[in-house]
Structures are given as structure tokens and as C-alpha cells.
J.: 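My questions all concern the structure below.
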Amino acid sequence: MIFVENEFAPLKKVILTVSEFGFPEMMKVEDLRFLSSTALEGEYANAGKDFGEVYPELQKAWEQERHNFALLLEKYGVGVLRPRNLTALEKVSGGEHGYSNFFVRDPFFTIGNAVIEGSIRFMQRRNEIWPIRDVLEREVYQSDCLYVAAPRPAMAEQEELGLWHGPFIEGGDILVYGKHIFVGNSGLSSNSLGIKWLAKLLQPYGYQVEEVMLHPNILHLDCALGLIREGLMIVCEEALPYGIPQKLKTWDKIVVNLKEASLLATNGLPINPTVYVTDPVFGYIGDKLSACGVHVEYVDFQISRSFGGSFRCSTQPLLRSF
């Protein structure tokens, strides 16, 4: 069965990413403004190299982070599926842009019983769907669900990322709340054309799609807003120039600032409405959640976060329902 009801319904089946990254040969600073300066330094020093070859011990630790997370998910009865690694041909196909196979949230997403392959803005990540398709072939083709892919984005002549035409639609920008779908737009990932495409796709099924504008340094909506359970959220209001969406304005909120959001403070993962996973560096947020009756589990995700994503970015649910 494939079905995602919302962001916090009990998680029953999920795809958990692997840990592969090839540094691009060249990348503009403005394209990576959501990363720390330390990450940028590494990007340029290791241009064209494989992360695991340059940093073998960090690679092992990175893989261990994901393994520890998998064990925690399984402790709560979640079925965990893993993509395969990239093939040698898939790695070289990215050319000067490098390759990535490290955040399964963005190349596709699940809304209700619809599995939708997205349209990625970053050239480096456009082939990231390939190793995931093996899982989708096993899980999706045999299920009674919709399976569709977004249009291939147009070639871009402009150097500035935000001017690329698209359409772009990425899973990190998608927050599911029943029949209401919030989609972020910062100019770095999803854009208005991609959001219009998604709205057109989902309208016959009774969904309402709402575009949420983001601060230009925020990569995805889930880096600014996390729905913990009905009526409770973690939010960076600084990252929402037009304010919290009307549908969520009455919710209780744990507020983080823009710096905390850039470190992925909102990007934990609800396993169900009473259990939430985050990094121990956000223990102060965990304390606030505990005071609200949410049990918090901690997994060290420092290396994963250094790549610009955390627990939500590392997962894509296939079954989340009451």
C-alpha cells in the first residue's frame, strides 16, 4: 500500500537514503548559499573528487549515521527500504556537475496515494532518481496508486539559478496536510511553474496547493517549517517573509531563528504524533517538545547536516497513515 496522509501520521514504510557524493568540478557560490562557509571551502578544495575517497573515515561515520537512524526507525516498527548505490556510468554521466545520492526526499515525493517524481533544479542532483527507481519498481508498480513524473526542466542560459525556467518541484518543499499541500519557493529549488504543474495534477483529486514564499537562503520549506502533530509545529518565522500560512496560524509553535534553521533545526522527523527524531545538538528544542508531551529520540547527524539536509531530507515515506 502507498499512502501519505500528512507529515505526522504513524510512519509505516519509508525509503532511507544512502551516502554518496561526488564534488562538482565547479559550482558558483550563490548556488550554495544555503551551506556553511566550511562546506564551501571543502567543495572547492576537492573539486571533481569522490567524498569517500577524500575522507574515508568521515564516509564511514556518515554511513553509520544513516545506519543508526535505520535501527531507530525499525525499533518503532517502520519498514525501511534503501536505494542502491550509483553505478560507475551514472557517476560519470553527471560530468563537471558531480553526483549525489544522499537525500531521497527531493527526487520524488508521496502525496496521498500519488508517487510523483520531481524536477530538480541543481544539475548535480538531477540523476539522483535513478538508484531510487529500483525501489519504486518493487513497491509502486504493484500498488494501487498513481505514479507520474514532472516535466523535464528547460535548459537554462542564465547563470543566476533563480532565473531558470523549470518547471522545478522538489520533495523538500512539499508538506502534506491532508488535502492541503504547502509548497515552498525560495528561488533555489521549486518554482512557481513547478507549483502550478503540481496544482494542475492534483486538482482533480480534491487537493489544494498553496505556494509558500521563503527567505532566499533557505533551500526548502522543510528547512523552515516542521509539522510535529496536529496543532504543533517548529517554525522559523524569519524564513517566511509573508508569515506563517493562514491554515497554521492558530497552531502552537516552537520558534527558531534563521541561523538555527540553516543548521536544520526544523528538519527532524515525526515517527508518529508522539515520537520525534532530531539531532542531539537540538536538545533545547527537544526539551520544549517533551514539555508538549512528545517523546524525543536523538541520533547524531552532524555529517549529514553538513551537506544541507537532515532527518526529513534523508527519508521519503511510502506509507504514513492512521
Side-chain angles (χ1 to χ4, degrees), residues 11 13-24 32 35-36 38-43 45-94 97-108 120 122 124-125 127-136 138-139 171-172 219-220 222-223 263-264 267-269 271 277-282 297-318:
L11 184 61
K13 185 183 294 186
V14 71
I15 302 179
L16 171 62
T17 193
V18 293
S19 305
E20 289 187 293
F21 178 72
F23 292 102
L32 296 171
L35 290 177
S36 67
T38 303
L40 285 175
E41 290 168 6
E43 187 86 11
N46 301 310
K49 301 176 183 178
D50 180 85
F51 180 83
E53 294 176 356
V54 177
Y55 303 114
E57 294 304 315
L58 282 177
Q59 178 68 33
K60 291 178 183 177
W62 189 21
E63 292 171 4
Q64 188 65 44
E65 286 183 356
R66 268 66 189 272
H67 177 69
N68 293 342
F69 186 26
L71 292 178
L72 177 63
L73 292 168
E74 289 168 348
K75 184 180 88 168
Y76 284 94
V78 180
V80 178
L81 308 170
R82 306 298 296 272
R84 61 170 173 79
N85 289 332
L86 291 161
T87 66
L89 179 59
E90 288 168 343
K91 288 181 178 181
V92 300
S93 69
H97 302 289
Y99 53 85
S100 59
N101 185 18
F102 59 3
F103 291 123
V104 73
R105 177 65 60 165
D106 305 317
F108 86 101
I120 302 288
F122 283 99
Q124 180 200 60
R125 300 194 62 195
N127 297 336
E128 198 167 357
I129 189 64
W130 289 342
I132 300 168
R133 281 191 181 145
D134 287 16
V135 179
L136 297 183
R138 294 194 302 269
E139 298 293 327
L219 181 61
H220 291 125
D222 63 8
C223 301
L263 296 174
L264 288 310
N267 202 258
L269 187 77
I271 293 180
V277 186
T278 191
D279 192 297
V281 74
F282 302 122
E297 295 274 9
Y298 294 101
V299 177
D300 188 328
F301 239 46
Q302 180 179 357
I303 300 171
S304 298
R305 289 190 298 107
S306 73
F307 286 97
S310 192
F311 298 98
R312 189 177 189 273
C313 295
S314 299
T315 55
Q316 183 58 249
L318 294 179

J.: Side-chain contact, heavy-atom cut-off 4.5 Å: Phe102 with Glu128?
T.: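 A side-chain contact under 4.5 Å exists here.
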J.: Mark yes or no for whether Arg305, through its side chain, and Leu263, through its backbone, hold a donor-acceptor pair below 3.5 Å.
T.: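 Pair found, side chain donor or acceptor close to backbone of Leu263.
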J.: I need the full list of salt bridge (charged side-chain N to carboxylate O under 4.0 Å, His left out) pairs touching residues 45-62, with sequence neighbours left out, sorted by first then second residue.
T.: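 For residues 45-62, and leaving out neighbouring residues, the salt bridge (charged side-chain N to carboxylate O under 4.0 Å, His left out) pairs sorted by first residue read Glu57-Lys60.
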J.: Is any side-chain heavy atom of Gln302 less than 4.5 Å from a side-chain heavy atom of Val281?
T.: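 Heavy-atom side-chain distance check fails, nothing below 4.5 Å.
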J.: Who passes side-chain hydrogen bond (donor to acceptor under 3.5 Å, both in side chains) against Glu63, sequence neighbours left out?
T.: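 Applying side-chain hydrogen bond (donor to acceptor under 3.5 Å, both in side chains) to Glu63 gives Gln59.
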J.: Do side-chain atoms of Gln316 reach the backbone of Phe108 as a donor and acceptor pair under 3.5 angstrom?
T.: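 Here the side-chain-to-backbone pair exists.
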J.: Please name all residues satisfying side-chain hydrogen bond (donor to acceptor under 3.5 Å, both in side chains) with Asn68, sequence neighbours left out, ordered by chain then number.
T.: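 In terms of side-chain hydrogen bond (donor to acceptor under 3.5 Å, both in side chains), with neighbours along the sequence ignored, Asn68 is linked to Gln64.
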J.: Just wondering, do Val104 and Val14 contact through their side chains at under 4.5 Å, heavy atoms?
T.: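 They are not in side-chain contact.
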J.: Report yes if the side chains of Val299 and Asp279 come closer than 4.5 Å at any heavy-atom pair, otherwise no.
T.: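 No - every pair of side-chain heavy atoms lies 4.5 Å or more apart.
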J.: Report yes or no: does Arg105 contribute a side-chain atom to a donor-acceptor pair with the main-chain N or O of Ser314 at less than 3.5 Å?
T.: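 Checking the backbone N and O of Ser314 against the side chain of Arg105, no donor-acceptor pair under 3.5 Å is found.
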J.: Has Arg312 got a side-chain atom pairing as donor or acceptor with Leu269's backbone, closer than 3.5 angstrom?
T.: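 Absent.
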J.: Has Asn101 got a side-chain atom pairing as donor or acceptor with Asn85's backbone, closer than 3.5 angstrom?
T.: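 No, because the side chain of Asn101 does not come within donor-acceptor range (under 3.5 Å) of the backbone of Asn85.
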J.: Heavy-atom distance under 4.5 Å between the side chains of Arg66 and Thr17, does that happen here?
T.: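 Counting from C-beta outward, Arg66 and Thr17 do come under 4.5 Å.
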J.: Are any of the side-chain heavy atoms of Leu86 and Asn127 separated by less than 4.5 Å?
T.: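 Side chain of Leu86 against side chain of Asn127, heavy atoms only: no contact under 4.5 Å found.
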J.: Using the ring of each side chain (for Trp, its six-membered ring), is Phe21 parallel, tilted or perpendicular to Phe51, with breaks at 30° and 60°?
T.: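 It falls in the perpendicular class, over 60°.
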J.: Is the closest side-chain heavy-atom distance between Leu264 and Cys223 below 4.5 Å?
T.: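 SC-SC contact between Leu264 and Cys223 confirmed.
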J.: Return the minimal non-hydrogen interatomic distance between Gly22 and Gln124, and the atom names on each side.
T.: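 So the two residues come closest at O-NE2, 3.5 Å.
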J.: With Phe307 as reference, evaluate Phe23, Trp62, Phe103 under the ring pair (Phe, Tyr, Trp, His ring centres under 6.0 Å) test and give the passing residue.
T.: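 Going through the options one by one, the only one that passes is Trp62.
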J.: Can you name the side chain to side chain contact (heavy atoms under 4.5 Å, CB included) partners of Val92, sequence neighbours left out?
T.: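 Expected list: Leu89.
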J.: Considering all heavy atoms of both residues, which atom of Asp106 and which atom of Gly172 are nearest to each other, and what is their separation?
T.: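 The pair with the smallest heavy-atom distance is OD1-N, 2.8 Å.
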J.: Please work out which of the three classes, parallel, tilted or perpendicular, describes the rings of Phe301 and Phe311, given edges at 30° and 60°.
T.: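 Ring orientation of Phe311 relative to Phe301: parallel.
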J.: Could you check whether any side-chain N or O of Glu65 sits under 3.5 Å from a backbone N or O of Ile303, counting only pairs where one atom can act as donor and the other as acceptor?
T.: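 Flag set: sc Glu65 to bb Ile303 pair under 3.5 Å.
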J.: My understanding is that only residues two or more places apart in sequence, or in another chain, count here; which of them pass side-chain hydrogen bond (donor to acceptor under 3.5 Å, both in side chains) with Thr278?
T.: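 Partners of Thr278 by the side-chain hydrogen bond (donor to acceptor under 3.5 Å, both in side chains) criterion come out as none, since no residue qualifies.
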J.: Output the distance between atom CG (Asn267) and atom OG1 (Thr315), rounded to the nearest 0.5 Å.
T.: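 The OG1 atom of Thr315 is 8.0 Å from CG of Asn267, to the nearest 0.5 Å.
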J.: CD1 of Ile120 to CD1 of Ile129: how many Å apart, nearest 0.5 Å?
T.: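 That separation rounds to 8.0 Å.
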J.: Are side-chain heavy atoms of Phe122 and Ser100 found at a separation under 4.5 Å?
T.: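 With C-beta onward as the side chain, the pair stays apart.
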J.: Could you list the residues that satisfy side-chain hydrogen bond (donor to acceptor under 3.5 Å, both in side chains) with Glu297, not counting sequence neighbours?
T.: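 Glu297 satisfies side-chain hydrogen bond (donor to acceptor under 3.5 Å, both in side chains) with Lys75, Tyr76, His295 only.
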J.: Which heavy atom in Pro83 sits nearest to a heavy atom in Pro131, and how many Å separate them?
T.: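 Between these two residues, the closest heavy atoms are CB-O, 3.7 Å.
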J.: Go through the steps for Glu20 and Glu90 under the test side chain to side chain contact (heavy atoms under 4.5 Å, CB included), then give the verdict.
T.: CA-CA 12 Å; Glu20 289 187 293; Glu90 288 168 343; over 6 Å; no
